[in-house]
Amino acid sequence: MADQPLTLAEATEKAKELRTQLNHYSHEYYVEDKPTVEDYVYDRLYKELLDIETNYPDLITADSPTQRVGGKILQGFEKVTHDIQMFSLNDGFSKEDIFDFDERVQKLAGKQVGYCCELKIDGLAISLKYENGKFVQGATRGDGTLGENITENLKTVKSIPLELKKPISVEVRGECYMPKQSFVNLNKEREEAGQDVFANPRNAAAGSLRQLDTRMVAKRNLNTFLYTVADFGPMTAQTQFDALNELSEIGLRTNPEKKLCATIEDVWAYIEEYHEKRTDLPYEIDGIVIKVNDFTIQDELGFTVKAPRWAIAISFRQKKLKRL
Ligand SMILES: NC(=O)c1cc2c(=O)c3cc(F)ccc3oc2nc1N
């Protein structure tokens, strides 16, 4: 006999249970890249939740996984002012530039400093605001002070949690990117449809986030790596390396290839290592970012008008580095 339809009380309880379970499985799959259940298990639970929400639309919540597919057609993107400016990075183009950076930093800091090295993901810089653990605003960098509100589009990016693991209020920043394979698939579809193809995954990600139809964004398989805590709230990390671990602990996706380097020689070895490995990565990188690890020293060094003095990006994208 068909199941008795659930009462509202039963449906409310069941929907809550399914949302928690589905969001947990989604976190494992999209944020940790370590799923513990097969897709069909997820799909069955998802269908069960969708049926309940279809029968009881009032039970739909903002953090329900069914809301990830989008469905809003936006009129445009409102402007957002970044309370904390979103800077860009100074670029280095050679081994000499990196060693000069180290010399400047040691001189300013008055001592040997350690560096946190990270891959420079080739995507679009984004800012994510959470209030009491809930995702409330996503924005582009724009000119560093004025960005665009792309919250509805970022809600369809599965690795961006709609709710953190802790009910804290923070602002974090990172990169939204399109994985290489998704880029190849998308361009194949576009070519078959007689549409223009995207030149590279970065343009494809930027073009996807500019879509006004959020259902289109949901289909683009965008992803993220977070790398900066702008407004710390109750977060306690005192170094960049620890901040990346803390971001991961509250449920945000961070890049696993980070490395703590005690000397600039170790930094250079890391740069050479990933200059070789970059073609094997499932996402594009356009270089390496080197950051003074200790936040106290970062604060001492501060920013110029356009960039932090305590970081430098080395770009793989130009000729001179080919001779690495
Ligand atoms: N594309 C990137 O993967 C990446 C980019 C930045 C920045 O743009 C950036 C800009 C700042 F003003 C300060 C720190 C930063 O750290 C960063 N770290 C990264 N890993």
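The chain is numbered in sequence order, starting from 1. Just follow the structure's listing: the first ligand is 1, and inside any ligand the first atom is 1.
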Using a 4.0 Å heavy-atom threshold (strictly under), name the region of [X] that reaches ligand 1: side chain, backbone, both or neither.
| X | value |
| --- | --- |
| Arg141 | side chain |
| Tyr283 | neither |
| Phe87 | both |
| Ile121 | both |
| Leu119 | backbone |

Quiz item: Any side-chain heavy-atom pair from Phe295 and Gln240 closer than 4.5 angstrom?
Solution: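 The answer is yes, as the side chains (C-beta and beyond) meet within the 4.5 Å cut-off.
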Quiz item: Any side-chain heavy-atom pair from Tyr46 and Gln21 closer than 4.5 angstrom?
Solution: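 Contact flag for Tyr46/Gln21 side chains = no.
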Quiz item: What class does the angle between the rings of Phe135 and Tyr130 fall in, given that below 30° is parallel, 30 to 60° is tilted and above 60° is perpendicular?
Solution: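 Ring orientation of Phe135 relative to Tyr130: tilted.
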Quiz item: Where does the angle between the aromatic ring planes of Phe225 and Tyr283 fall among parallel (under 30°), tilted (30 to 60°) and perpendicular (over 60°)?
Solution: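 If you compare the ring of Phe225 with that of Tyr283, the planes turn out perpendicular.
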Self-check item: Ala125 to ligand 1, any heavy atom closer than 4.0 Å
Solution: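 Flag not set, Ala125 not near ligand 1.
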Can you pull out the closest protein heavy atom to [atom]? Residue, atom name and distance to 0.1 Å, please.
| atom | result |
| --- | --- |
| atom 7 (C) of ligand 1 | Leu89 CD1, 3.5 Å |
| atom 20 (N) of ligand 1 | Glu118 OE1, 3.1 Å |
| atom 4 (C) of ligand 1 | Tyr227 CE2, 3.3 Å |

Quiz item: Would Lys180 count as a cation-pi partner of Phe183, with NZ or CZ less than 6.0 Å from the six-membered ring centre and within 45° of the ring normal?
Solution: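 Lys180 over Phe183 ring: no.
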Quiz item: Do any nitrogen or oxygen atoms of Trp310 lie less than 3.5 angstrom from nitrogen or oxygen atoms of ligand 1?
Solution: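 Such a contact does not occur with ligand 1.
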Quiz item: Backbone N or O of Phe198 within a donor-acceptor pair of the Asn187 side chain at under 3.5 Å?
Solution: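 Yes.
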Quiz item: Can any side-chain N or O of Glu171 pair as donor or acceptor with the backbone N or O of Ala230 at less than 3.5 Å?
Solution: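 Not a single qualifying donor-acceptor pair exists.
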Quiz item: Who gets closest to atom 18 (N) of ligand 1 by heavy atom: Lys120, Arg173, Lys291?
Solution: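 Shortest heavy-atom distance from atom 18 (N) of ligand 1: Lys291.
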Quiz item: To the nearest 0.5 Å, how far apart are CG in Leu8 and CG in Leu59?
Solution: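 So the gap between those two atoms works out to 6.0 Å.
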